[in-house]
Novice: 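My structure is below; once you've seen it, I'll send some questions.
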Amino acid sequence: MSSRRFKEFKNNNRAALSRKKRDKHVVELRKQKRTDLAWKKRNIVDSEHATTATAPILNPNNEEDFFSSLFTAMQSSSLDEATAAVVSIRELVSQEDEPSLDTLCASPCLEKLIEFVSLTDPEYEQIQFESIWCITNIAAGTTTHCEALAQADAVPVLITALSSSSLTIQEQAAWALGNLAGDSALMRDFVLSQDAVDTLTRLIETGSRKGLLRNASWAVTNLCRGNKPPPSFDTVAPFLNILVKLVCSGDDEIVINGCWCAAYLSKGNNKKIQAVIETGVASKLAELILHENVQVVSPALRALGNMVTGTNIQTQIILNCSVLPSIHLLLRRLSLSGGVIASLQPNVKHFQNHLKKESMWFLSNVLAGTEEQIEMVLESHLLPHIVDAMKSGVFKVQREAAWAICNATTSGTSSQIEFLVSQECIPALCGLLDIQDVAVIGAVLQALFQICVVGQGVEGVENAHRHDIEECGGIEKLEELTLVENEGISERSKCIIDNYLTITNEDNEEMAPEVVGDAYEFGTTAEDGEGVENYFI
């Protein structure tokens, strides 16, 4: 078989390949750990359709001789003998101890396996199935093994197999394509370039068999996944048509895949967000926030979080799906030692913190919206959860909670800011002033500044919120921050102290905040530290 197709694609994507080599192990493995999903799956369970090898073919010390003998058997005019050889390969590559695939990929056996996959006559269904199973597990190997399959033109043959009259063949072909797409951005884009999208979409739209929908939706997830670079949205857009069916399937594995598809497709610009919203999937995602399986909750919450990063109108559409009451109940469950969700998970603390962080991130985006949207958060009794997250959460949860309060004080009304103060936001904010993160300190300073602006009365009269800030050690911490090397942090801290927290009012024109319209802004300099001048993501 010709390898020109993949080589031409690879040569046209050299920049992407270079980026893959730099980022794959750091970014993709981190992402895999965060989402607790394995992007490749080795089929090591005996299938009801599997065949037991009848030929006494054993693996000698010389691997090349071993595969040479198998290749001879695969060329036999006897279908039984050829099938036995393929079964021997399948049993080898199905072992959990990661057998060496290098020799197999370099042998003529690989192209023979792909040739068997292309057979369409019903009498060859067993050898076709066994060959796809072999390819599935080869694709679960390294990038080198996946590229060997691509160079041997396995991808278009597998896509053709998706249209087989046999559901078993369709199911295994979808699994193999999912492994290939999950290897790297380069392999993902190559599979996409071979017209896999329409075939998989049609398969899911018309399919009802659970195993088939699980494998096909998992392949779709891998084809939508990635942000360095992301797949072409126009290419994967047809998958929008299957989102509702996947998330409403009732099968956890299929629902999880559907939620991740929604999350990946909604990540990015407002055009992508709008396309996902228009599928009508948001209302079901809002329901899934309270699902008993955290593997469902996490991607559902992430997808909704992506959508509220859009316009105020898009955010309001999501809020109209009753998301805020669901998040309130979720956070309440998590605060009760993990509630129902924790009882079903092996690593309770990890999932608690992860879901709290995702919830805080969602709320921070909403609180950057309109005054009405901020009011919806406050009326949903979510503020105590945000304050508690700042006080006692792990750092990644504290960080998102701090951004939530910062956004609320920046976008909210004076009365809303006063309500934040009444709910113990000041002690929680001041507790983060000694954290070792410039961006978080910058967000806290911004929030304290807005609070002080609201609390400022008649000139010469103590700021209404000075006592609360002083009582929790905030003024002392601000004074310490005036001495740090980061000029942006030190100037902002000095500005707050001099203009709002010093009882004797001394004119200081240089440090006074600039009035822009009806709002106040800190003065900035060219030497401001990273993450200070631009507070919002």
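Values below: every heavy atom of this structure, side chains too, minus hydrogens, waters and symmetry copies.
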Novice: Does a donor on one side chain and an acceptor on the other come within less than 3.5 Å for Ser335 and His385?
Specialist: no
Novice: Spell out, as yes or no, whether a donor-acceptor pair under 3.5 Å connects the side chain of Ser392 to the backbone of Ala389.
Specialist: no
Novice: Got a sec: does the CG of Leu329 have more than 12 other heavy atoms crowding it under 6.0 Å?
Specialist: yes
Novice: State, without any angle test, whether Glu371 and Gln416 hold a side-chain donor-acceptor pair at a distance under 3.5 Å.
Specialist: no
Novice: Rounded to the nearest 0.5 Å, what separates atom CD1 in Ile441 from atom CZ in Arg492?
Specialist: 12.5 Å
Novice: If you measure from CD1 on Ile256 to CG on Leu246, what distance do you get to the nearest 0.5 Å?
Specialist: 12.0 Å
Novice: On a heavy-atom basis, which atom in Gly226 and which in Pro231 lie closest, and how many Å separate them?
Specialist: O-CD, 3.7 Å
Novice: Only one of Val247, Val297, Leu304, Val281 passes side-chain contact (heavy atoms from CB on, under 4.5 Å) with Leu288; say which it is.
Specialist: Val247
Novice: Going by atom types alone, do Asn407 and Ser364 pair a side-chain donor with an acceptor below 3.5 Å?
Specialist: no
Novice: Please report the closest heavy-atom contact between Cys146 and Ala139, naming both atoms and the distance.
Specialist: SG-O, 3.3 Å
Novice: Using only atom types and a distance under 3.5 Å, with no angle test, would you say the side chain of Thr315 pairs donor to acceptor with the backbone of Thr311?
Specialist: yes
Novice: For Glu205 versus Asn241, what's the shortest heavy-atom pair and its separation?
Specialist: OE2-CB, 3.7 Å
Novice: When you measure from the side chain of Thr482 to the backbone N and O of Glu479, does any donor-acceptor pair fall under 3.5 Å?
Specialist: yes
Novice: Does the pair Glu400/Lys357 count as a salt bridge with the N-to-O cut at 4.0 Å?
Specialist: no
Novice: Is there a donor-acceptor pair closer than 3.5 Å between any side-chain N or O of Thr221 and the backbone N or O of Asn257?
Specialist: yes
Novice: In terms of side-chain heavy atoms, does Glu418 have a donor or acceptor partner in His465 at a distance below 3.5 Å?
Specialist: yes
Novice: Atom OG1 in Thr370, atom CG in Leu319: separation rounded to 0.5 Å?
Specialist: 8.5 Å
Novice: Is it true that, when you exclude Lys210 itself, more than 12 heavy atoms of the residues, nucleotides or ligands shown sit nearer than 6.0 Å to its NZ?
Specialist: no
Novice: Tell me if a side-chain donor or acceptor on Asn312 pairs with a main-chain N or O of Gly369 at a distance below 3.5 Å.
Specialist: no
Novice: Tell me whether Asp437 contacts the main-chain N or O of Ala439 through its side chain, where contact means a donor paired with an acceptor under 3.5 Å.
Specialist: yes
Novice: What pair of heavy atoms forms the shortest contact from Ile497 to Thr502, and how long is it?
Specialist: O-OG1, 2.8 Å
Novice: With distance as the sole criterion, is a donor-acceptor pair present between the side chains of Asn270 and Gln274 under 3.5 Å?
Specialist: no
Novice: What pair of heavy atoms forms the shortest contact from Ala176 to Thr136, and how long is it?
Specialist: CB-OG1, 3.3 Å
Novice: With a 4.0 Å cut-off on N to O distance, would you call Glu287 and Lys284 a salt bridge?
Specialist: yes
Novice: Does Trp260 have Arg302 sitting over its ring (NZ/CZ under 6.0 Å from centre, angle to axis within 45°)?
Specialist: no
Novice: Ignoring hydrogens, what is the shortest heavy-atom contact between Pro427 and Cys472? Give both atom names and the distance.
Specialist: CA-SG, 3.8 Å
Novice: Would Asp251 and Arg214 pass as an ion pair if we require N to O under 4.0 Å?
Specialist: yes
Novice: Strictly distance-based, threshold 3.5 Å: is any side-chain N or O of Lys356 a donor or acceptor partner for the main-chain N or O of Leu334?
Specialist: no
